Amino acid sequence: MKRCVMSIIFLISFLLVLPPFSLASGEGDGNIDHGGGGMGNGSNQNFWNTHDEGVRVTIVRDSDKTPIATPVDFTNRTPPSNILHFGKISKSQYANGTRLSPNTGVYNYVHPQKELPYIIKSNRGQTSIEEIKSYFTDELVIRYIAQASRVDYDTLINGNYKLLLEPIAYITFQGTKMAMTAHEAALYDQVLSGGLRSKMVSLTHQNLPLSMFLETPDLGFPAWNGSTSSRVSNDQILSALGLGIVRFKDAPTTPPPIQTQVEYRTNTDVITSVLLSTSKQINPKAPASVTFSIMRSSLTVTNIVIPEGDSQLVWVNWRTPSTPQTVSIQVSSSDGSLSENLIQAAIVDLDQNPPPDPKATDRNSAYRLPTVPAYSGKTSASWGVWSATWHEYLVWIPDWEWVENSKGKGRWRDRGYWEDQGWWDYHRTSYTASLSANQTIAPDSKSPTRSTSQLKSGYGIEINSTTSLSSNAPSSHITGAQHAISYFPEFAYQKYWWLHDVKTPGYSASFWLKPNEYSTYESRVHFTPIWFPDGPYTPITRILDAWTPAGMLSLQLQSTITISGNLFSDWHIAPQNTK
């Protein structure tokens, strides 16, 4: 009872912080595989009943890995109205920095007209991957998913979107009914410092995450090539488990080589990381090491310790070369297994496509305002480092012997000794980092417009961005933002862009436009086109290269200034130098 009350108190505080279908021909291609094992024994406070499960389905745009509709939870069960859940958040949203937030509101779910196949393996029930694939690639099921998600079916299957599937378990934990995906279970276990795993390990860290994983990499998630019948770690779940994907049209039929593709910018401090996993403990007596071979240099991380059946990110900091190229990074370890042994890194130069020299004679009578794109970003990340200390436990080992005296009598004497039969206690130090930023847009000093929110077309604008990286991690774990790049509506936010200079480096980095080579007064401006129509003018700026062991943090900024009139209207007063 005390544990239950403490759990409820924790959850409250956490909240403060934070017609029947018939088989039809297959429509999609299922990138799904699975594993699992026995369930073990529960208690009246911590248990899961076989087939208390569902599947969260999210429609994701392939180009930027962004959900286009609220995820829908499908289940054959009727969860209780007071079930605790974490809202409708997909694995892709969590991967991009959405925080775990317990929800005591109404849990919404859908009973599919065609029952779901069983997903999670247990002692009393087995599942079929063929049946799972057949179900989620059935045309009529996909039509029902489109309807429930309020997305046009023909749009869904046009090749630009995919279905992200995540198994859900309905469990009782410390007496509280809960609904969670594998990803949410791993995040929740991190918050509880292993408290969920200690009670529900067979479900939350084996059968639930292994009930779905990818055969080939997709949507930024890797294929799973680890054990399909062993317990897994939180990091492994967050990276690669508890998901399946259905893709439409032109789906790849052969898996690509097992390697990671990553893009870095030239002359940039970056962090390259891999996940080291182990089925047996790695302790301070025989710690592991991981070596990264990068551009004829070897960087080795030493003194790595990990408890049995767990994992840890291991990383190195390095600076990319000044010229664009492809860098092959070889990774090896002295113990455990690595998520990657080869990383192909593309080094790109952002300062390659500045806008052309604007002319007074430029015209674009067919121009229509484009939709402002939303680049995927990641504004927060979390990771952890294991340490271990010896827990001394002295045990007396008796060694009795008979000692006889000169009178032929004697006694038993214990010549035993104390033996330390202790063990290693492991502790995970958790770190987080979050990125925020602000942007201002204003007419440049040569513009006759006095208002900071209005501009005549043909004049220049100044763009200034400020960032803030907050973290509890040592400086060796993180970098501040290092690049900003702006795109403009007259180019439909494509083809041309301005790279910014770093005005102030560090965790509170600031950026301003590079000097414009077409400006006679060498100002840091972007000239709006003379033909741009009256109305909103909205450039966007991407903040890049704030690195953590859990990946790069980035975000998109956008501000609007109003175009009213053009510089020709000023020429009857006095000619204005537009460049």
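Note that the structure is a prediction, hence the values are computed from the model and not measured.
Although no hydrogens or angles enter the test, the distance criterion places no donor-acceptor pair under 3.5 Å between the side chain of Q556 and the main chain of S376. In this structure a side-chain-to-backbone donor-acceptor pair under 3.5 Å is present from S471 to A473. In this structure, T75 contributes its side chain and E53 its backbone to a donor-acceptor pair below 3.5 Å. Side-chain N or O atoms of D62 include none that pairs as donor or acceptor with a backbone N or O of Y161 at under 3.5 Å. The main-chain N or O of D545 is found under 3.5 Å from a side-chain atom of Q482 such that the two form a donor-acceptor pair. Using modelled atom types, one side-chain atom of Q312 and one backbone atom of W386 make a donor-acceptor pair closer than 3.5 Å. S233 places no side-chain N or O within donor-acceptor distance of the main-chain N or O of D310, the cut-off being under 3.5 Å. With hydrogens and angles ignored, the 3.5 Å screen pairs no side-chain donor or acceptor of K88 with any backbone N or O of T58. Looking only at distances, a side-chain donor or acceptor of N46 sits under 3.5 Å from a matching main-chain atom of Q174. For the pair N103 (side chain) and G87 (backbone), a donor-acceptor distance under 3.5 Å is absent.
In this structure, CG on L203 lies 10.0 Å from OG1 on T50, to the nearest 0.5 angstrom. The line from CZ of R265 to NE2 of H483 is 7.5 Å long, rounded to the nearest 0.5 Å. The line from CG of L163 to CZ of F248 is 4.0 Å long, rounded to the nearest 0.5 Å. For the atom pair CE (M212) and OG1 (T181), the distance works out to 12.0 Å, reported to the nearest 0.5 Å.
Defined by atom type and a distance below 3.5 Å, a donor-acceptor pair is present between the side-chain atoms of S470 and S434. Neither side chain, T432 nor S382, offers a donor N or O lying under 3.5 Å from an acceptor on the other. Using modelled atom types and a 3.5 Å distance limit, the side chains of H205 and N234 yield a donor-acceptor pair. Side-chain N/O atoms of S311 and Q236 include no donor and acceptor closer than 3.5 Å. Side chains of Y107 and D73: a donor on one and an acceptor on the other come within 3.5 Å. Using a 3.5 Å distance cut-off with no hydrogens or angles, the side chains of E184 and Y94 do pair a donor with an acceptor. Side-chain N/O atoms of S202 and R231 include a donor and acceptor closer than 3.5 Å.
Environment of CD in E115: sparse, with no more than 12 heavy atoms of neighbouring residues, nucleotides or ligands closer than 6.0 Å.
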Residues E139, Y153; criterion side chain to side chain contact (heavy atoms under 4.5 Å, CB included); working and verdict
CA-CA 10 Å; E139 177 184 345; Y153 171 75; 3.3 Å; yes
Evaluation steps, side chain to side chain contact (heavy atoms under 4.5 Å, CB included), between V270 and M552:
CA-CA 9 Å; V270 299; M552 180 184 74; over 6 Å; no
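Checked for salt-bridge contact, K280 and D335 meet the test: a charged N lies under 4.0 Å from a carboxylate O. Checked for salt-bridge contact, D138 and K114 meet the test: a charged N lies under 4.0 Å from a carboxylate O. Using a 4.0 Å cut-off between charged side-chain N and carboxylate O, D235 and R428 make a salt bridge. Using a 4.0 Å cut-off between charged nitrogen and carboxylate oxygen, D52 and R77 count as a salt-bridge pair.
With ring centers used as reference points, Y135 lies 6.0 Å or more from F74.
The only member of Y264, W547, W315 that meets side-chain hydrogen bond (donor to acceptor under 3.5 Å, both in side chains) when paired with T272 is Y264.
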